[in-house]
Enquirer: 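My questions all concern the structure below.
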Amino acid sequence: MRIVLGISGGIAAYKAAELSRQLIRNGHEVQAVMTRAAEEFVRPLTFASLTGRKVITDIFSSASPDATLSSAVEHIGVAQESDLLLVAPATANTLAKFAHGLADDFLSTLYLAFRGPVVLAPAMNNNMWEHAATRANVALLRERGHVVVDPDDGFLACGTYGPGRLAENDRIVAAVERALQPKRKDFAGETILLTAGPTQEPIDPVRYLTNRSSGRMGYALAQAALDRGARVILVSGPVNLEAPRGAELVRVGTAQEMRDAVFAHLDAATVIIKCAAVADFRPAVEAAQKIKKTGGAVSLELTPTPDILAELGQKRGDRILVGFAAETENLHEYASRKLVAKNCDMVVANLVGRPGTGFESEANEVSIALRSGEFVKLAKASKRVVADGILDHILKLTEAKPRR
Ligand code: CTP
């Protein structure tokens, strides 16, 4: 595998030399990238000699105008050709730049252009490591799905004792190997019928009722299921997201359209995941013309939409049925009730109405109610990581259940 080893400026930069040798011994090609500060601690020649490759240094460091231009686009090439980005040592500054998307040197620019797994091994003074700013940046990077290899406790270069010393190379190499594991194809043979996003219930030709769902959790589930080998039929309400490549996308607007699309594809499905935030009510009549204001109050009569999940509960056959419950209180109780009432195998529940998780956010924190009575809490993480956690539980159900 091709690994980019980013070295940022800290005393521990010299340890990255031995790290690069271990990675090469494991059969990897290593491309070293050094920040300007790293060059203050170790000479690029050290890494060039060990890796047998020219070391990439700062994006604007070259004296020749031609070389500057080529190095400015080089990060895209390196990003496309590499399988993993490892940064060791990662300084507080590098973590902050990654967390906030600053791109002012080769390494931080490469980070933004890179789409593969990222492993970060921080090293810094213990107060810097424990500072609220660094804690927040590390939490953000973890939520994004990156692996952070926590530093060890020890005597630090500054003379203090505490956490901040670069993790031992064995631990960093093990994290790299884990991150490089080929993706499991454990959903091969399954067809997942997935609903995502909100629905829109028209009031008149220009207005509609909807909700705050962004569709991100459903799209993350679709991507994860595709990566794991499933066929995915994605019935999606209106969202501003690109459909995952390989998904069979069925676009719908209203709850009624979503219901019809779901039942049109039910036969093909082995697993149904109802992630969509379906509107529970729609205007009883859709006005043919725009409703004009009259100066007075207007009332809107609402009528229930079809409960797709409840109907699926009746018609699911031996398919696995997964519901979602977005609640603002009593999570466990309401989720367990929905599980039974709608005849699901599991209900994924999350608290909404709090900042940082749920609707419209990057991260999510969910609990899973199961038929066994268990209520399993998944750690707060990026929607992609949560999606894989949900699929892990679905997989257990598919393995436990006799199927067609
Ligand atoms: N759902 C559905 N059709 C509807 C409403 C909801 O299929 N008309 C599905 C959602 O896709 C989700 C689950 O039902 O999987 C739970 O949705 P939620 O709105 O949380 O629950 P409700 O059934 O509306 O119950 P309550 O009003 O008690 O919260």
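Whatever order the structure lists them in is the order used to number ligands and atoms, beginning at 1.
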Enquirer: Side chains of E201 and T199 only: does a donor on one sit below 3.5 Å from an acceptor on the other?
Expert: yes
Enquirer: Run the salt bridge (charged side-chain N to carboxylate O under 4.0 Å, His left out) test against R25 and tell me which residues pass, sequence neighbours left out.
Expert: E18
Enquirer: If you round to the nearest 0.5 Å, how far is CG of L84 from CD of E177?
Expert: 9.0 Å
Enquirer: Any salt bridge linking D345 with R319? Criterion: basic side-chain nitrogen under 4.0 Å from a carboxylate oxygen.
Expert: no
Enquirer: Is R135 positioned over the aromatic face of W129, cation under 6.0 angstrom from the ring centre and no more than 45 degrees off axis?
Expert: yes
Enquirer: If the threshold is 4.0 Å, N to carboxylate O, is there a salt bridge linking R384 and D227?
Expert: yes
Enquirer: Check each protein residue for a heavy atom under 4.0 Å from ligand 1 and list those that pass, ordered by chain and number.
Expert: K274, A276, V278, A279, D280, T305, P306, D307, I308, L309, G323, F324, A325, A326, K338, K342
